[in-house]
Amino acid sequence: RNFYDPNRTLASSEHPEDALLSWLDSMRQQPLDLPHIGAIATRQLVAMELTHIGVITPENTQLHSDWLGLRPEKIEQVTEAARNYAEQTARFCLSAVSHIRHQHDLDTRDASDITLSAAVLSANAHRGQPRVVGNRPYYTHPRAVALLIGASYRSIFDEDGSLTLPLHEFQSLLHDGLENIIPKDGSSFLAAQNIIASPLVLSEVLRRLEVDNDTARRKALGILVLTKPVGIDGTMKYDIHTDGFENHPDESVTKISDNQHNYRIDPKLPDPYSHEKNLKLDKKKEEYRQSQQKLLRFYSMSDQITGKDWLRHQLFAARITKLGPDDLENAMRHTKWSQIPPNQLIEYFEREQHAA
């Protein structure tokens, strides 16, 4: 329910699941026609969405069959279609990564396959989307979030060959990928042109890159923590979103970097002609400030960070909040993967799709 009702609007209902399904039925009165499956009614659509966000798995089909009011074979039909989509997308992504690595003469010291795959998926997930600040592709924002993470991490840690930084970069590059396609009117995100940043797809990509199943699933589901879903009232309250990071240290540090870029490095500029817009901007800045404080506290209190590395982890998170535009530019100059234009990342992925 948290995905569809993040503000807990239905929490006081006697049967919140029934109320949620009734609301979804009212928003999706006509079957959605998906290119990869055809016409699909609301309950099956919900089953496919829940598969894409990692809630329905092959192991728990019967459980969800009961509350959705669908026969298990109906759920299995749409969940298999979702998994086939994820497998196909992962193949396209990794083929594109191979070509990009060859074209740009990148070795593993320049970028891991994990980071490159995230860059490909991120550029394509945000294809055609502009950054509100300035006339730039939106991809420049998640790229900046990953670069800030990398700049801070390398200044604190020295772990050649570790998966830790590539996995941080993976989440950072994809932190807005799912949120980008969630509509505000209660319709399905599956109708979007790009659903390549769903947890189902991301976990498949990581597994194909030999990340163990538990880590792949955990990192993919972290995208849900980073995503602001839209509630029944068409919004997601920012304080509720921030509270969801408790006990999620990796996602907390990604969100700290996200806030830093949005709030300190590349903020929306005041409007000299609109007092009302500036009041909203001031409110947003205060939300970012409060969010940063809470996220740093969540990170420091996480029981997943213990022992001798505790202090280094605190320095890692805190250093991100000190980085500025010059640090970001310097990180980009010294990071070869980040210099690949987003249109090339899109082109190579599309080439794989068309070849299939």
Side-chain angles (χ1 to χ4, degrees), residues 1-5 15-95 121 124-125 174 177-183 185-208 213-214 216-218 220-221 223-224 227 229-230 232 349 352-356:
R1 290 200 307 270
N2 289 338
F3 182 79
Y4 297 99
D5 187 25
H15 300 289
E17 287 89 354
D18 291 343
L20 174 62
L21 287 174
S22 295
W23 176 74
L24 288 170
D25 279 332
S26 70
M27 294 293 103
R28 306 170 180 187
Q29 294 177 357
Q30 299 298 322
L32 182 64
D33 193 16
L34 298 176
H36 54 293
I37 194 171
I40 180 171
T42 294
R43 305 301 168 99
Q44 292 171 283
L45 194 61
V46 171
M48 184 176 280
E49 290 171 347
L50 292 176
T51 303
H52 266 286
I53 65 173
V55 175
I56 294 182
T57 65
E59 294 76 28
N60 64 17
T61 302
Q62 182 63 55
L63 172 67
H64 293 283
S65 170
D66 294 340
W67 81 271
L68 283 170
L70 291 172
R71 296 192 306 275
E73 57 267 27
K74 279 290 185 183
I75 292 187
E76 288 169 3
Q77 176 189 359
V78 295
T79 55
E80 182 180 359
R83 289 191 289 272
N84 288 340
Y85 175 88
E87 291 169 2
Q88 184 182 54
T89 303
R91 287 198 303 272
F92 295 156
C93 175
L94 298 186
S95 293
L121 292 172
N124 281 276
L174 291 157
L178 181 61
E179 183 177 320
N180 176 48
I181 60 171
I182 298 177
D185 60 0
S187 55
S188 176
F189 65 83
L190 295 175
Q193 184 178 17
N194 291 314
I195 52 172
I196 61 177
S198 78
L200 182 68
V201 172
L202 302 186
S203 61
E204 180 64 24
V205 169
L206 289 174
R207 279 195 291 267
R208 286 170 181 258
N213 286 339
D214 288 345
R217 178 172 169 78
R218 187 173 69 252
L221 290 179
I223 297 299
L224 285 182
T227 298
V230 178
I232 289 174
F349 184 80
E352 295 301 318
Q353 287 180 309
H354 294 153

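Here the structure is a predicted model, which is why all the values come from computation and not from measurement.
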Mind checking what makes side chain to side chain contact (heavy atoms under 4.5 Å, CB included) contact with [X], not counting sequence neighbours?
X: I232; answer: D5, L10, W23
X: E59; answer: T57
X: N84; answer: E80, E87
X: D25; answer: T42, R43

Notebook entry, point to check: Please, which pairs that meet salt bridge (Lys or Arg N to Asp or Glu O under 4.0 Å) have at least one residue in residues 62-71, sequence neighbours excluded?
Noted result: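 Sorted pair list: R71-E73.
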Give the minimum heavy-atom separation between [X] and [Y], together with the two atoms involved.
X: A82; Y: T51; value: CB-CG2, 3.9 Å
X: F349; Y: C93; value: CE1-N, 3.7 Å
X: A47; Y: I56; value: O-CD1, 3.7 Å
X: L24; Y: G186; value: CD2-O, 4.2 Å
X: L68; Y: I75; value: CD1-CD1, 4.1 Å
X: I223; Y: L174; value: CD1-O, 3.7 Å

What distance do [X] atom [atom1] and [Y] atom [atom2] have between them, rounded to the nearest 0.5 Å?
X: Y4; Y: I182; atom1: OH; atom2: CD1; result: 10.0 Å
X: Q44; Y: T79; atom1: CD; atom2: OG1; result: 10.5 Å
X: F3; Y: T227; atom1: CZ; atom2: OG1; result: 7.5 Å
X: I195; Y: H52; atom1: CD1; atom2: NE2; result: 4.0 Å
X: S198; Y: L178; atom1: OG; atom2: CG; result: 7.0 Å
X: T61; Y: L70; atom1: OG1; atom2: CG; result: 11.5 Å

Using salt bridge (charged side-chain N to carboxylate O under 4.0 Å, His left out) as the criterion, list what pairs up with [X], not counting sequence neighbours.
X: R217; answer: none
X: R28; answer: E49
X: E204; answer: R207, R208

Item checked: Side chain N194, main chain L121, donor-acceptor under 3.5 Å ->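 Judged by distance alone, no pair lies under 3.5 Å.
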Check: Where the side chain of N180 meets the backbone of A125, is there a donor-acceptor pair that is under 3.5 Å apart?
Finding: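 Flag set: sc N180 to bb A125 pair under 3.5 Å.
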Item checked: Counterpart residues, side-chain hydrogen bond (donor to acceptor under 3.5 Å, both in side chains), relative to D185 (two or more places apart) ->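 If we apply the side-chain hydrogen bond (donor to acceptor under 3.5 Å, both in side chains) test to D185, skipping adjacent residues, the hits are S187.
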